[in-house]
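Notes follow the structure.
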Amino acid sequence: MRKAITASLTASILLFLAVFFAFIPFRLLLPAYAISQREQNELRLHFLGLTGGVTIVEFPDGEALVIDAGNGSFESDNTLCRYLRGLDVKSLSVIATNSDPVHVGGMPALFETFDVEKVYLPAVGSESGAWQRFLSAVEREGCEREPLSRYGRIENGSGAYLVCISPYSEEGEEVNKEDASALLYLSYAGANALISGDITARREKLLLSEYALSDRIFDSGNCRVVLDEIDLFLAPSHGSNEGCSAEWLGLLNPKASVICCNRKEIPSSAALARICAYSGCVYRTDELGAVMATLSGNGCEFRTHMIK
């Protein structure tokens, strides 16, 4: 009799837990990270050193945009979701800069934990399982979706905007997955940031040749793109030597650079030397933890904090 009662109680508990977590994602029960509140009229950028690199744009009105979502490991997903809960965002949209598993692997966890309003898809897909799981999650969520190509823009009611300046919008352009990665220009209150995705030196060279023809070539509608006035530069591919050419950095001449890296993805020494040569200061997430940049009428200010 005692064994039967124990078995019945165990089965009841397991059934309760199964039903409970079917309606309430377990990540909502994890403690949120303690992050300082955003001040009025501030736009904040959060850089996390998860595999593949994750950027969160926290707009002044409380809306948030997650750019890439890590590789989908249990630890990475938990870190990203806890960080977003710490920001207490009003609404959430996501961008996949390319279809590599280290960028889209963590997307399904975001859909499971939060209500995602819109998804911006990369120009080139892949056959990977992570990519297919991402597309299935988008389908289940039923949210709005939009392919992101050149001149695509995201505008916020605060006056902040992002413009995609690469890849090209022409369907016939043949590019590899890295060169098809989204390159995003962000502007708010006179401060400008460039979020590089995984672009390579070959793409940088093409962009340089176009910008030399006209410094308004990347403008989208009323959204101005000024590449030689960059306050914050996010290095591509955790500071890989595939990008960050001296010519490109010489044009941008950023006041500060951020490298999203960790113990498994460290920056190339050659690329790091070039970044340091052209940047006023350099922030590395493997050394400093999460990096937060605040854009406001006072320019761009940085703060770092460890998340554990």
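We're numbering straight along the sequence, starting at 1. The structure presented is a predicted model; accordingly, all values stated were derived computationally and were not measured. The figures here come from the full heavy-atom set of this structure, side chains too, leaving out hydrogens, waters and symmetry mates.
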If we count only N and O atoms by modelled type, under 3.5 Å, do the side chains of [X] and [Y] hold a donor and an acceptor together?
X	Y	result
Arg274	Asn241	yes
Ser36	Arg303	yes
Tyr185	Asn192	yes
Ser296	Glu42	no

hydrophobic_cluster_shared for [Y] and [X], side chain cutoff 4.5 Å:
X	Y	result
Val291	Tyr33	no
Val89	Ile95	no
Leu162	Leu207	no
Val226	Leu232	no
Leu92	Leu87	yes

Exam field: side chain [X] to backbone [Y], donor-acceptor pair closer than 3.5 Å:
X	Y	result
Ser214	Arg216	yes
Arg82	Pro31	yes
Glu265	His238	no
Arg38	Pro60	yes
Asn156	Tyr161	no
Ser196	Leu234	yes
Ser209	Leu206	yes
Lys90	Asp61	yes
Arg150	Ser166	no
Ser279	Val282	no

Minimum-distance pair of heavy atoms, taken over all atoms of [X] and [Y]:
X	Y	answer
Ser76	Gly70	OG-CA, 4.1 Å
His103	Gly52	CE1-O, 3.2 Å
Gly86	Ala32	N-CB, 3.7 Å
Cys244	Leu249	O-CD1, 3.6 Å

Are any non-hydrogen side-chain atoms of [X] and [Y] less than 4.5 angstrom apart?
X	Y	value
Asn262	Thr285	no
Trp248	Leu194	yes
Leu186	Leu43	yes
Leu272	Arg284	yes
Val94	Tyr120	no
Glu144	Glu117	no
Thr294	Phe302	no
Val138	Phe111	yes

Enclosure of [X] [atom1] (heavy-atom neighbours >12, cutoff 6.0 Å):
X	atom1	result
Glu146	CD	yes
Glu242	CD	no
Leu288	CG	yes
Glu287	CD	yes

Cationic N near anionic O, under 4.0 Å, [X] to [Y]:
X	Y	value
Lys205	Glu247	no
Glu204	Arg202	no
Glu141	Lys118	no
Glu229	Arg224	no

Distance from [X] atom [atom1] to [Y] atom [atom2], nearest 0.5 Å?
X	Y	atom1	atom2	result
Leu48	Met292	CG	CE	11.5 Å
Ser181	Leu148	OG	CG	10.0 Å
Glu58	Asp88	CD	CG	9.5 Å
Ser126	Phe134	OG	CZ	10.5 Å
Asn78	Ser73	CG	OG	8.5 Å

**Item:** Phe233 vs Val258, side chain to side chain contact (heavy atoms under 4.5 Å, CB included): CA-CA, chis, key distance, verdict
**Value:** CA-CA 6 Å; Phe233 169 66; Val258 175; over 6 Å; no
**Asked** Applying the side chain to side chain contact (heavy atoms under 4.5 Å, CB included) test to Asp198, which of Asp68, Thr97, Leu183, Asn98 qualifies?
**Response** Asn98
